[in-house]
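Each remark here refers to the structure printed beneath this line.
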Amino acid sequence: MDNIRYDFEIEKDDFERAGEASSSIKKILRQLGLNSGIIRRVAIAAYEAEMNLVIHSNGGSIVIEIDPRKVTIFANDKGPGIKDVKLAMKEGYSTASDRIREMGFGAGMGLPNMKKCSDDFSIKSILKEGTFIVMKMFLKDGD
Amino acid sequence: MKLIDIMEKVKAEVLCGSEFLNTEVQYAFGSDLMSDVLAYVKGNTLLLTGLTNPQVIRTAEMADVVAILFVRGKIPGKDVIDLAMENSMAVLTTKYTLYTTSGILYSEGLRGIEQD
């Protein structure tokens, strides 16, 4: 399998299209014939990241790379950045508005769930610049 | 439990996906919090919810939820139904509340998901 890469631009506050990138990612992985367990983990992590970009960021991108050993998701945004990453990683901590909560999000589960879905997770955030997340899911025999 | 049996037990109406009514679901999960659906559901699950926005379908799609049962008589908009149809998902609605629906289905043998 050659390396494959897809880029998706994500707009701030675009709730109408929120989830389209993750839906495309899921279809791509299905077409590649990957195992349903890893597809699910990638789809959920990508969707949580996509929703975070729509809800919290000034816009950004989701990039997916697939190589013979792993699936990597890059979620990068243009700010505003997270003040306290350690606190943001805590289950239940959220800065989401009531409007977001009414939509069923903002429970403070996004980042912890992304970490849970990944074999390797890294997050770096710089105030006013942006947040940069890398999630790796390693392919095992049978995936 | 088959969707067609679930439909009968909670007097549900089918909003789309009648061709999938013979599908067997292993577990059910009731929540209006989509973040929790993403964190807990592990596939082959029926989602019970009162939330009717498009993100419910997107969440279900990502978490491999096979069918959605709207409670409290909720009927989503056409955009939501269209999205469910695109994803080959059965969508049902019942007038019962989340608690009553869960109670009926649990007593008929449909269990909740098991936590790690």
Open item on the list: Hydrophobic cluster membership, with links at side-chain heavy-atom distances under 4.5 Å among I/L/V/M/F/W/Y: are V71(B) and V91(B) in one?
Closed with: no
Open item on the list: Looking at every non-hydrogen atom in both residues, tell me the closest pair between A43(A) and M62(B) and how far apart they are.
Closed with: CB-SD, 3.8 Å
Task: E16(A) CD to D79(B) CG distance, which is reported to the nearest 0.5 Å - done: 7.5 Å
- [ ] Between chain B and each of I44(A), I39(A), I25(A), V42(A), count heavy-atom pairs under 4.5 Å; write down the option with the most.
- [x] I44(A)
Open item on the list: Determine whether a donor-acceptor pair (N or O, by modelled atom type, separation under 3.5 Å) exists between the side chain of D64(B) and the backbone of R40(A).
Closed with: no
TODO: Please examine the side chains of M51(A) and R58(B), heavy atoms only from C-beta on, and report whether any two atoms are closer than 4.5 Å.
DONE: no
Open item on the list: With a 6.0 Å cut-off (strictly less than), is the heavy-atom count around CD of E13(B), excluding the residue itself, greater than 12?
Closed with: no
TODO: State yes or no: do L3(B) and L98(B) share one hydrophobic cluster built from I, L, V, M, F, W and Y residues joined by side-chain heavy-atom distances below 4.5 Å, directly or via other members?
DONE: yes
Task: CG-OG distance between N44(B) and S36(A), expressed to the nearest 0.5 angstrom - done: 10.5 Å
Task: Single-linkage hydrophobic cluster L29(A)~Y47(A), side-chain heavy atoms < 4.5 angstrom - done: yes
TODO: Identify the heavy atoms of M109(A) and A39(B) that sit nearest to each other, and give their distance.
DONE: CE-CB, 3.8 Å
Table please: side-chain donor-acceptor pairs of residues 90-98 of chain A below 3.5 Å, with sequence neighbours left out.
| residue | atom | partner | partner atom | Å |
| --- | --- | --- | --- | --- |
| S94(A) | OG | A96(A) | N | 3.0 |
| S94(A) | OG | G106(A) | O | 3.2 |
| S97(A) | OG | I100(A) | N | 3.4 |

Task: Distance-minimising heavy-atom pair for E48(A) and S35(B) - done: OE2-O, 4.3 Å
TODO: Take atom OH of Y99(B) as the centre, draw a 6.0 Å sphere, and report whether it contains more than 12 heavy atoms from other residues, nucleotides or ligands.
DONE: no
TODO: Please round to the nearest 0.5 Å and tell me the distance separating atom NZ of K27(A) and atom CG of N87(B).
DONE: 5.5 Å
Open item on the list: Same cluster or not: F20(B) versus V25(B), using hydrophobic residues (I, L, V, M, F, W, Y) connected whenever any side-chain heavy atoms lie under 4.5 Å apart?
Closed with: no
Task: Interface residue of largest heavy-atom contact number with chain A, from N53(B), D36(B), L38(B), under 4.5 Å - done: L38(B)
Open item on the list: Given heavy-atom pairs under 4.5 angstrom as the criterion, report whether the side chain, backbone, both or neither of S31(B) touches chain A.
Closed with: neither
TODO: Give a yes or no on whether M85(B) atom CE has more than 12 heavy-atom contacts from other residues, nucleotides or ligands under 6.0 Å away.
DONE: no
Open item on the list: Looking at chain A, which one of V41(B), T52(B), I57(B), T49(B) has the largest number of heavy-atom pairs inside 4.5 Å, strictly under?
Closed with: V41(B)
TODO: Heavy atoms only: give me the nearest M103(A)-L51(B) pair and the separation to one decimal.
DONE: O-CD2, 3.3 Å
Open item on the list: So for atom CZ, which belongs to R72(B), do other residues, nucleotides or ligands contribute more than 12 heavy atoms lying within a distance under 6.0 Å?
Closed with: yes
- [ ] Count the heavy atoms of every other residue, nucleotide or ligand shown that sit under 6.0 Å from CD of E11(A), and state whether that count exceeds 12.
- [x] no
Task: D32(B) portion near chain A, given a 4.5 angstrom heavy-atom threshold - done: backbone
Task: Backbone of F15(A) reached by a side-chain donor or acceptor of Q55(B) within 3.5 Å - done: yes
